[in-house]
Every structure is written in C-alpha cells, then in structure tokens.
**Student:** 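First, the structure itself, so that you have it in front of you.
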There are 2 protein chains.
Amino acid sequence: MRPTVHDIAAAAGVSLATVDRVLNRRPGVRHVTREKVETAIRELGYIRDVAAANLAKGRTYPLVFILPASDNSFMHGLNGEIRQAILRSAAERTDICTIEVPAFDPAALVAVLEELSQGKPCGVAMVATDAPEVRATVDRLVHAGFPIVTLVSDLTGSLRHHYAGVDNIAAGRTAARLLGRFLGPRKGEIAVLAGSMLVRDHRERLEGFTAVMAEEFPDLAILPVLEGRDDPEIAHMLVADALARNAGIVGVYSLGAGNRGLIRALKEKAVDRTLTVIAHELTTHTRAALIDNTIDAILNQDAGHEVRSAIRVLKAKADGLPMIDAQERIRLDIFLKDNLP
Amino acid sequence: MRPTVHDIAAAAGVSLATVDRVLNRRPGVRHVTREKVETAIRELGYIRDVAAANLAKGRTYPLVFILPASDNSFMHGLNGEIRQAILRSAAERTDICTIEVPAFDPAALVAVLEELSQGKPCGVAMVATDAPEVRATVDRLVHAGFPIVTLVSDLTGSLRHHYAGVDNIAAGRTAARLLGRFLGPRKGEIAVLAGSMLVRDHRERLEGFTAVMAEEFPDLAILPVLEGRDDPEIAHMLVADALARNAGIVGVYSLGAGNRGLIRALKEKAVDRTLTVIAHELTTHTRAALIDNTIDAILNQDAGHEVRSAIRVLKAKADGLPMIDAQERIRLDIFLKDNLP
DNA sequence: GATTTTTTGATTTACGTACATCAAAATTGG
DNA sequence: CCAATTTTGATGTACGTAAATCAAAAAATC
C-alpha cells in the first residue's frame with residue numbers, strides 16, 4: 001500500500017498536524033522537525049493523493065483563456081475546443097472562462113492581465129501578442145505565482161511556464177521542403193500568402209520557409225509576400241492578381257488564414273497550369289481543396305490538443321506537479337489527401 | 001455548486017441509502033423509486049465525483065499489457081513507454097503489468113487471455129495477432145465485461161472497445177503519395193521492404209501503398225516485396241542484392257522494422273544514384289539517416305501516445321465514462337528533416 | 001526561575017462517495 | 001388480517017487529506 005500522512009507521522013515521530021504543516025508549508029515548525037518529516041517523506045516515497053487533497057480542499061481550478069477577437073476559422077475552432085473543455089469542467093474540477101481582447105493590441109492584453117492578477121484564477125492561457133510590455137507583465141505575474149501558458153503564439157524570452165503550440169519555424173521549413181520536393185526539377189516562382197507580417201507566427205513560418213528555400217531549392221524564387229490580413233476577400237484579390245500578372249508561378253505557400261479566398265482564386269485562374277500548393281490549417285474549405293487536388297498538402301496544428309494540453313499543464317503547475325513533456329509537445333500535422341482524419 | 005448525492009436524495013424524496021442503491025445498481029429498489037431517483041439525477045444534472053468514489057472504494061486500476069516478444073526498436077520503445085507509465089502508477093491509481101507472448105502465435109495469445117480472465121484485471125491492452133480464435137476469445141471477454149483495447153495492431157471485426165494505433169492503410173497510401181510526388185516525372189521501379197506479409201499492419205500498409213501507386217503513379221512499378229523479417233541483417237542482404245541487380249530502382253519504401261540494415265545497404269550501394277526513400281518508425285538510426293539525406297521521410301506512430309491513450313481509454317471504460325474521441329485518435333506522424341521532435 | 005513566545009500534539013470536522021448493518025415501513029401472499 | 005417478504009430509512013465507518021482549535025510542551029527572553 002501507498003504510504004499516507006499517518007505513516008509519515010509515525011516514521012518521523014511527529015504528529016499528524018506537524019506533517020500537515022510541513023506538507024502545506026504552514027508556519028510554526030522548527031527547522032530540525034521539518035527536516036525529519038521531509039526525510040520520512042523521501043524515505044517512504046510518500047506521494048500526496050491529489051484526488052483526496054482536492055476533495056478535502058473542495059478545490060476547483062479557475063482558468064482563464066485570453067483570445068484575440070479574430071474572425072477566422074482557426075480561432076473559431078479554438079473557441080469551439082474551449083467550449084468542449086468547459087463541458088467537461090464538472091468532471092475535471094475546472095472553471096474555465098474566456099476573455100476576448102482586440103488582436104495585435106499589446107496594451108489591451110496587458111490591461112486584461114493586470115486586471116486578472118487582482119482576481120483569483122489559478123492559471124492563465126493566452127494567445128500572446130509579441131511585445132515587450134506583454135513580456136514584462138507576464139514575467140511579473142509568473143513571479144507572483146500565477147501559472148501562465150502561451151497558446152498558439154508564443155512569447156519567447158518570457159518566463160511563461162509552457163507554450164502549447166507548434167514550432168512555426170519548423171512549420172515553415174517543412175512547407176519549403178515539401179514544396180521543393182513536390183516541384184522536383186521545375187523552376188519558377190513561389191507566391192507566399194500571409195496574414196500579416198506583424199504576427200509572430202507568420203513571421204516565423206516565413207523565416208523557416210525562406211531559409212530552406214534558399215539553402216536547398218535555389219531554382220525557386222520567392223515573390224514578395226502577399227499580406228491578406230487573414231481575410232478571404234483580400235486573399236482572393238491578391239492571389240488572383242499575382243497569378244494573372246506572373247505566368248512563372250509554379251507554387252503557392254499560404255501560411256495564414258483566409259484560405260477560402262485563395263482556393264477560389266486558384267480554381268478560377270489556375271485550371272490550366274499545374275500549381276503546387278501548400279496551406280496551413282485544416283478547415284472544411286482546405287479539406288475539400290485537398291481532396292479535389294487544388295491543394296497538395298496541409299500543415300495543421302490541432303486546436304483541441306492545444307487546449308487540452310494547456311489545461312493539463314496549468315492544473316499540474318497549480319498543484320506543483322510535473323508534466324509529461326512528450327505528451328505536451330504539440331506536433332505539426334502534415335495532411336495529404338490520404339491521411340485525413 | 002455541483003449537486004451531491006444528498007441533493008439527489010432530497011430532490012427525489014428518498015434516503016441516501018436508496019440513492020446509493022440506484023447509483024451502484026444494488027438490488028432492493030422498487031421500479032418506481034428507481035425512476036424517481038433517476039429523474040432527480042437527470043434534472044439536477046448530477047455527475048458522480050469519480051475522485052471521491054475512487055477514494056472511498058480504494059480503487060486501483062489493474063491493467064495488463066500483452067506484447068509480442070519481438071526484438072526490434074519499436075517494441076523496445078513501446079516497452080519503455082509502458083515502463084514510464086508504470087512509474088506514474090501511484091499518481092494515476094494504475095497497477096500495470098506486462099506479459100510477453102510469442103509473436104504471431106494465436107494459440108499462445110488465446111491461452112494468456114483465458115488465464116487473465118480468471119484474474120482480476122480491470123482492463124487489457126494487447127498487440128493483437130489477427131486470427132479467428134483470438135477474435136472469438138476477445139469477443140467473449142468483452143461480453144463478460146472486460147475492457148479490452150488493441151494496441152499498434154488491431155483486431156478488426158472484434159468487439160474490442162478501442163484501437164490505439166494508426167490507420168495502416170492510410171499510412172501506406174500516404175507513403176505512396178509522398179514517394180510519387182517526390183519522384184515527380186521520374187520513371188522506374190520501387191523496392192518495398194516489409195517485415196512479413198503475415199503481419200496485418202504490414203499487409204495493410206502494402207495494400208494502401210500499391211493502391212495509390214496504381215491509381216496515381218503508373219510510371220512507377222512496384223517490385224516483388226522483400227520480406228526482411230524485421231531483421232537488420234536480412235534487410236541489408238535483401239536490399240543490397242536488389243540494388244545490385246536492378247539499376248532501375250528509383251525509390252524504396254520500408255514499411256517494417258530492421259531499418260538499420262536498409263540504411264547500411266543504401267549507404268554502400270546507392271552513393272551514386274539518387275534514391276528516394278520512405279521508411280516507418282522514428283528511431284535513432286532512421287533519425288540519423290533522415291538528417292544525412294539517406295532517407296527522405298519517416299512515417300511514425302508515437303508509442304508514448306499509444307500507451308497513454310490505451311490507459312486512459314481502459315480507465316474510462318472501467319468507470320463507464322465517455323472518452324474524448326479526438327484525443328484518442330493516434331495520428332500518423334510524417335517527419336521530414338525539418339520537423340523532427 | 002518566571003514569563004513570554006514558539007513549536008508540537010491531540011482531536012475534530014469536513015470533502016463526496018461507498019458500503020454495511022439493523023430497524024422500520026410497505027408490499028405481497030395466503 | 002396475519003405472516004412472510006421486499007423495499008426503504010437511519011446511521012455509522014471508511015478512504016486520504018485539509019484545516020481549525022485548544023492544550024501541552026519546549027524553547028527563548030529577561
């Protein structure tokens with residue numbers, strides 16, 4: 001049988017109350033006594049029964065998700081996954097709420113974080129906007145003892161406990177290699193459609209993409225990036241225009257949202273030529289386009305995994321428990337038409 | 001606050017003992033009374049606190065993993081992941097043991113299953129050997145109330161509660177498309193290295209591979225399958241021989257284990273020609289080969305995820321709880337040198 | 001050495017559920 | 001209607017931990 005607090009008390013030759021004081025860092029225990037108890041804990045291999053402790057404490061985990069108010073499929077999907085998680089709240093003892101902040105607005109994000117820190121949340125998951133003031137606020141909150149994880153978009157250099165999202169540089173590199181290999185000996189130009197170069201994920205994807213292209217596929221030239229602001233209409237216009245202007249385009253990399261417009265443009269303008277197209281995020285639209293060969297590969301991050309991972313990590317941090325690193329790594333999914341879920 | 005058994009009792013106008021009898025399917029409750037309680041449960045949205053229940057019951061989850069005694073990297077990795085899970089036993093209330101059975105031996109597997117069913121396990125995870133007698137035994141145990149999940153290799157058509165593994169037909173199809181697209185306009189022959197055509201996973205991968213090859217890449221001809229018995233030495237010999245004999249080989253698909261031998265053969269015999277190679281399972285060897293361009297892509301199933309998923313599912317089934325389907329889908333990982341973990 | 005302060009012990013209640021016991025009530029059979 | 005049976009209630013203990021209270025002991029202070 002697993003040792004209990006009673007066993008620790010007996011082994012250390014102290015009372016239950018003292019063991020409790022040590023375990024829960026309560027004051028009023030002499031240094032030597034604390035040592036005795038800690039030794040007993042180590043020697044018996046005592047592990048606190050978190051379930052019993054939570055029961056006794058009546059503990060719940062109030063968690064906050066801070067999301068940008070962006071109107072695209074991916075954010076809708078992410079929201080949906082959070083709602084799923086909320087449905088599981090009862091069983092998981094979580095109490096989840098979401099807060100929307102204007103996208104790309106560091107000041108607004110900082111304001112929300114400040115306000116939250118007054119309250120009681122035992123964990124915050126946020127889609128980070130990459131700015132020094134955000135980093136400073138996050139660091140301060142972490143120091144104050146708030147578990148914080150970044151979601152989808154990281155805040156490198158900050159003290160956030162964990163990042164639940166994909167490695168976007170690797171994603172860009174992977175896209176480049178896939179595109180380069182799919183094109184084989186063909187030469188020509190590559191159009192890149194992004195949302196905005198102000199977004200860190202997009203910058204990183206582009207960075208990885210251009211790096212591999214330059215290193216390994218010198219016959220393919222990257223055209224100036226089209227910034228579609230993750231808007232289908234703008235994306236459509238930009239891509240249609242680029243295709244009309246430039247007959248040398250042999251491939252397209254869409255690293256942001258707004259793929260609905262991209263797909264429409266491809267179907268209108270590229271019926272005759274054989275373009276190789278790689279896009280991000282699996283949605284109804286990109287899925288259909290993959291199946292009808294308009295798109296050749298989709299890179300995806302699983303929003304459900306990201307949300308569940310963020311929750312697991314925040315709970316573990318709140319309890320001071322370790323996490324299973326391999327389990328929390330968010331993988332870059334590569335979908336061809338053959339391995340769609 | 002979440003409703004408790006007390007609330008149910010009050011709402012239904014019965015005593016706590018009666019609620020308990022209903023909840024735990026104990027006898028001695030009149031039909032009408034049972035209905036009243038069940039109505040109250042539904043109306044209050046009562047959810048049993050599994051943690052408290054487990055505490056009261058002193059419940060642990062005795063789980064058994066049945067694995068084939070195969071000596072290859074993948075099975076070693078799987079074993080390692082199970083050992084990791086055993087280390088987490090205390091925190092997860094599991095009590096995991098593994099049983100090795102001779103590989104490809106339905107009778108031995110059936111014998112082990114029969115013996116287990118005498119015992120107390122509340123769940124069995126097994127790498128299935130595909131045979132009618134195994135199916136029959138599994139169905140019988142499932143009927144008798146044992147949660148059973150298949151791991152890595154499925155037992156289609158049986159009543160197993162879940163399959164924690166990848167879709168091998170999709171894996172084969174994906175390999176074919178990757179190989180076909182990577183080769184582009186090149187024509188030639190494709191060598192396929194398998195472990196054994198007696199193993200269901202390998203048959204399925206080959207099936208998916210040949211299907212897509214035939215449909216979409218008619219210029220690539222598949223050579224007769226080389227059966228390397230998942231043994232590096234045999235694999236080396238077979239591949240070296242095939243490469244020496246046949247100058248028309250432009251691609252290799254290795255769908256089983258023994259990749260160490262394959263890689264050695266490729267380095268010896270294929271320095272001059274540009275082969276495109278796709279292999280299964282990420283190991284130290286395949287990883288190194290991917291990085292030095294001997295292999296172009298690796299298809300992988302994450303053994304850690306499979307083990308953790310199997311445990312989660314078995315626990316949920318033992319408690320009669322639902323599972324999160326999306327969470328338990330084992331994905332086919334595609335690794336290029338850019339997105340290695 | 002007496003007093004104050006700090007540390008420790010003993011004990012109790014609580015969390016939400018499981019399970020057992022025994023008595024009381026309701027139902028059924030004759 | 002009485003006896004036998006089934007159903008229900010009341011109550012207590014247990015699981016492992018948290019948290020509180022109050023008394024007792026030890027240590028520190030003067």
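Per chain, numbering begins at 1; letters A, B, ... match sequence-line order.
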**Student:** Does dA26(C) have OP1 or OP2 sitting under 4.0 Å from an N or O in the side chain of R30(B)?
**Tutor:** no

**Student:** Side chain of D20(B): nearest nucleotide among dA18(C), dA18(D), dG16(C)?
**Tutor:** dA18(C)

**Student:** Taking atom P of dT7(D) as reference, at what distance in whole Å does atom NZ of K36(B) sit?
**Tutor:** 14 Å

**Student:** When you compare the side chain of Q301(B) with that of L332(B), does any pair of heavy atoms fall below 4.5 Å?
**Tutor:** no

**Student:** How close or far is atom P of dT17(D) from atom CZ of R25(A), stated in whole angstroms?
**Tutor:** 16 Å

**Student:** Closest to the R21(A) side chain: dA10(C), dC19(C), dT17(D)?
**Tutor:** dA10(C)

**Student:** Distance check needed: dT17(C) P versus N54(A) CG, whole Å only.
**Tutor:** 15 Å

**Student:** Backbone N or O of T156(A) within a donor-acceptor pair of the R135(A) side chain at under 3.5 Å?
**Tutor:** yes

**Student:** Atom CZ of R59(A) to atom C1' of dA14(C): distance rounded to whole Å?
**Tutor:** 17 Å

**Student:** To the nearest 0.5 Å, tell me how far N300(B) CG sits from D302(B) CG.
**Tutor:** 6.5 Å

**Student:** Rounded to the nearest 0.5 Å, what separates atom CD1 in I47(B) from atom CD1 in I41(B)?
**Tutor:** 11.5 Å

**Student:** Give a yes-or-no answer on whether the side chains of N24(B) and R48(B) include a donor-acceptor pair shorter than 3.5 Å.
**Tutor:** yes

**Student:** Rounded to whole Å, please give me the gap between CG in D319(A) and C1' in dT17(D).
**Tutor:** 13 Å

**Student:** What nucleotide, of dT17(D), dA10(D), dA20(D), holds the atom closest to the side chain of A17(A)?
**Tutor:** dA20(D)

**Student:** Mind calculating the distance between NE2 (H6(A)) and C1' (dA10(C)) to the nearest angstrom?
**Tutor:** 12 Å

**Student:** Please report the distance, rounded to the nearest Å, between NE2 in H31(A) and C1' in dA27(D).
**Tutor:** 17 Å

**Student:** Counting only side-chain heavy atoms from C-beta out, which of dA18(C), dT17(D), dG9(D) sits nearest to V14(B)?
**Tutor:** dG9(D)

**Student:** Please tell me if R48(A) has a side-chain N or O lying less than 4.0 Å from either OP1 or OP2 of dG16(D).
**Tutor:** no

**Student:** Think S15(A) has a side-chain N or O under 4.0 angstrom from the OP1 or OP2 of dA10(C)?
**Tutor:** no

**Student:** Please determine if a side-chain N or O atom of T4(A) lies less than 4.0 Å away from the OP1 or OP2 oxygen of dG16(D).
**Tutor:** no

**Student:** N24(B) side chain: which of dA18(C), dA18(D), dA20(D) is closest?
**Tutor:** dA18(C)

**Student:** With distance as the sole test, does D139(B) use its side chain to make a donor-acceptor pair with the main-chain N or O of L159(B) at under 3.5 Å?
**Tutor:** yes

**Student:** Scan G58(B) against the nucleic acid and name what it touches under 4.0 Å (heavy atoms): base, sugar-phosphate only, or nothing.
**Tutor:** nothing

**Student:** Taking the side chain of K57(B) as its heavy atoms from C-beta onward, which of dG9(D), dT17(C), dC19(C) lies nearest to it?
**Tutor:** dC19(C)

**Student:** Given atom CG of L23(B) and atom C1' of dT17(C), what is their separation to the nearest angstrom?
**Tutor:** 9 Å

**Student:** Under 4.0 Å, counting only non-hydrogen atoms across every strand here, what does A53(B) touch: a base, just sugar-phosphate, or nothing?
**Tutor:** sugar-phosphate

**Student:** Please figure out whether L55(B) or L16(B) has its closest DNA chain D nucleotide nearer the 5' end.
**Tutor:** L16(B)

